[in-house]
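Comments concern the structure below.
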Amino acid sequence: MKPRMMWTVALLSAAVMTAAAGCGGGSGDKAGGDKIHLRFSYWGSDARQKLTEQVIKKFEEKNPTIDIEGDFSNWESYYEKLATKVAANDAPDVISIEIRGLSEYAGRNALADLAGKVTTGDLDQQVLTSGQVDGKQYAIPSGVNTFSMLVNKSALDKAKQKLPDDKSWTWDDWINLAKQISAAGNGVNGAEYNYNPAWLQIFAAQRGEKFYDGNKIGVTPETLKAWWGIHQQLIQTKGSADAAKSAELISVGPEQSLLATNAGAMGMWWSNQLNALSKASGQELTLMRMPKTAGATTGGMFLQPSMFYTASAKSDHLAEAGKFIDFLVNDPDAASILLSDRGLPTNAKVLAAVKGKLPAVDQKTLTFIDAVKSELSPIVAPPKGALQMEDILKRNSEEVLFGKTTPEAGAQKFLTEANAAIAG
C-alpha cells in the first residue's frame, strides 16, 4: 500500500484540468429532471465494488429524487486521485477516508462539518469522537475493527504445534512458534511480517510510548530497533520468508499474502479482513490478540474505525450527502448488504438487527471484538502527514532489513522523515 499526499502535484494538475474544462466548484448536480446527482468515492476490491453498487441501488429505491454515482478506485491510486480532484475543486460529494487522512483533509478545509447532518445518537460515542478534528464532526465511522493476529490452526496442527494462549504469549513465543512451523517441512512459513504502522503503534504502547505524541512522533529509537529486531529474528530463524520475499509480499495485498495462499500460518491483519482472507485461503482462520512484550502491562491494541464517511465542503448538496451517509450507518437494509465489509456496524440497533444475518466468519469477528473490547484503547485522529507514514516506515524498514543501513541510523532517519511529514 502506497498512499501519498501529493498536494503540489495535485494543484498543478488541477490548474491544467480547470483551465481545460473551465470547471467550477461543487460536484453535486442535477441528474436530469428534478433529481440530485451525488458522487461517492471509495476504494477496495471487486467484491466491495459489487456490494457498494447494491447498497447504492437500495438507497436510490428509498430516495428516488437522488442519484448516486460510485467513484471507485483501487487502493494504490485512491489518495492520489482524490487529492487531484479536491485541488481541482471537483471533489466527490461523499468521500471515504481513513483516520490517518482525516486531519490532512479537514485541515485543508476540504471537509464539511457533519454535526446535525447525520443522526449519531445510536452510534458508539467513543468511536464517533475519533471522527472529530478541533471539536468538529468531520467524519462518521463506517464500522470498527482492530489490528490482530490471524492464525491458520490447520497449519499449526500439521506442524504438530498448539494454538497459543493469546492472553499471555510474547513476541519471543511468536518467533519460536513461527520457527517450529517453518521447520516442520510442510512448505509453510510460520509467519509473515509487515510494516503497518498499526503494529508499531501496538508494540510502542506495550513499551509505554505513543506513536503520535501530539504533533511529533513519540516512538523512541530504542523501540524502533527492538521492533526491527523482531523482523530480523524471524528472518534469521527462518520463521518467515527472507527480506526480499517479504518485501514482495507486502506490496501485493492480503489476497496474495502467505496466509491467503496457504503458504503461511500466521499474519497480522485488520479484523474486518478475516472474511476476505478466509475466502481466499479456503481455511478456517482464528483471530487472536497480538503478542506482548515481556512484562508489558497493556496489550496496546486499539479499536479503530475501518474507514470514515465524510462530505465535501464544496458539495452543492450537503443535506443529501448527509442523508446518504445516514443511510449507510443507520439503516438495517444498508447493513444487511454491507455486513462487515467496512467493519462491524457501530450502531448497536443496526448491529442487533443484522447480527443473525452475518455469515459465520463475521460472527467470529464480532465475538472476537466483544471479547477484547474492554482491553482496546480509544483512538484519535493522527496529525497531518499521517498518510505518508506507511511509506516512510516501509522504506526505512527495508533499508535496515536489507542491510543497507544500521538499525541506529535507520531509526534516526525514520524519525527525521516522519517528524518532517507531520510538520508539513
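Note that these values count all heavy atoms, side chains included, but never hydrogens, waters or copies made by symmetry. Residue indices begin at 1 and follow the sequence shown.
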Nearest-0.5 Å distance that lies between atom CE in M288 and atom CZ in F368: 8.5 Å
Electrostatic pair D124:K373 at N-O distance under 4.0 angstrom: yes
Where A191 and L258 come nearest, the two heavy atoms and their spacing: O-CD1, 4.4 Å
Value rounded to 0.5 Å, distance of CG in D213 from CD1 in I217: 9.5 Å
Salt-bridge criterion met for K50 and D46 (N-O under 4.0 Å): no
Pairs meeting criterion side-chain hydrogen bond (donor to acceptor under 3.5 Å, both in side chains) with involvement of residues 374-387, two or more places apart: R289-E375
Stepwise ring pair (Phe, Tyr, Trp, His ring centres under 6.0 Å) check, W199 with W171: CA-CA 12 Å; W199 177 16; W171 294 109; 5.7 Å; yes
D157-S154 side chain donor-acceptor pair, cut-off 3.5 Å: no
NZ/NE/NH1/NH2 to OD/OE distance under 4.0 Å, K413 and E417: yes
Under 3.5 Å: donor-acceptor pair, side chain of N419, backbone of L415: yes
Donor on one side chain, acceptor on other, N272 and S340, under 3.5 Å: no
Any donor-acceptor N/O pair, S281 side chain to T261 backbone, under 3.5 Å: no
Aromatic plane relationship, F59 with F324 - under 30° parallel, 30 to 60° tilted, over 60° perpendicular: perpendicular
Residues K394 and E390 bridged, charged N to O under 4.0 Å: no
Side chains of K238 and S182, donor plus acceptor under 3.5 Å: no
Donor on one side chain, acceptor on other, W269 and S148, under 3.5 Å: no
Salt bridge present between D71 and K85 (N-O < 4.0 angstrom): yes
Salt bridge present between D113 and K136 (N-O < 4.0 angstrom): no
Point-to-point distance, once rounded to the nearest 0.5 Å, from CG of N152 to CG of L156: 7.5 Å
Closest non-hydrogen atom pair, F308 against G131: CE2-CA, 3.7 Å
T146 side-chain N/O to F302 backbone N/O, donor-acceptor pair under 3.5 Å: yes
Aromatic centroids of Y79 and W75 separated by under 6.0 Å: yes
Between T220 and E209: side-chain donor-acceptor atoms closer than 3.5 Å: yes
Stepwise salt bridge (Lys or Arg N to Asp or Glu O under 4.0 Å) check, K62 with D331: CA-CA 11 Å; K62 293 189 171 190; D331 194 304; 2.9 Å; yes
With D370 via side-chain contact (heavy atoms from CB on, under 4.5 Å) - residues at least two apart: L366
pair V329-T120: side-chain heavy atoms closer than 4.5 Å: no
Atom pair CG/CG of L339 and L344 - distance to nearest 0.5 Å: 9.5 Å
Heavy-atom closest pair, residues W228 and S397: NE1-OG, 2.8 Å
Distance-only donor-acceptor check, side chains Y78 and S41, under 3.5 Å: yes
Any donor-acceptor N or O pair under 3.5 Å, side chains R207, T293: no
Whether H231 and W227 hold their rings parallel, tilted or perpendicular, with breakpoints at 30° and 60°: perpendicular
Minimum heavy-atom distance between S257 and L277, given as atom pair plus value: OG-CD2, 3.7 Å
Lys/Arg N to Asp/Glu carboxylate O, E320 vs K323, below 4.0 Å: no
Over-ring placement of R342 relative to Y42, 6.0 Å and 45° cut-offs: yes
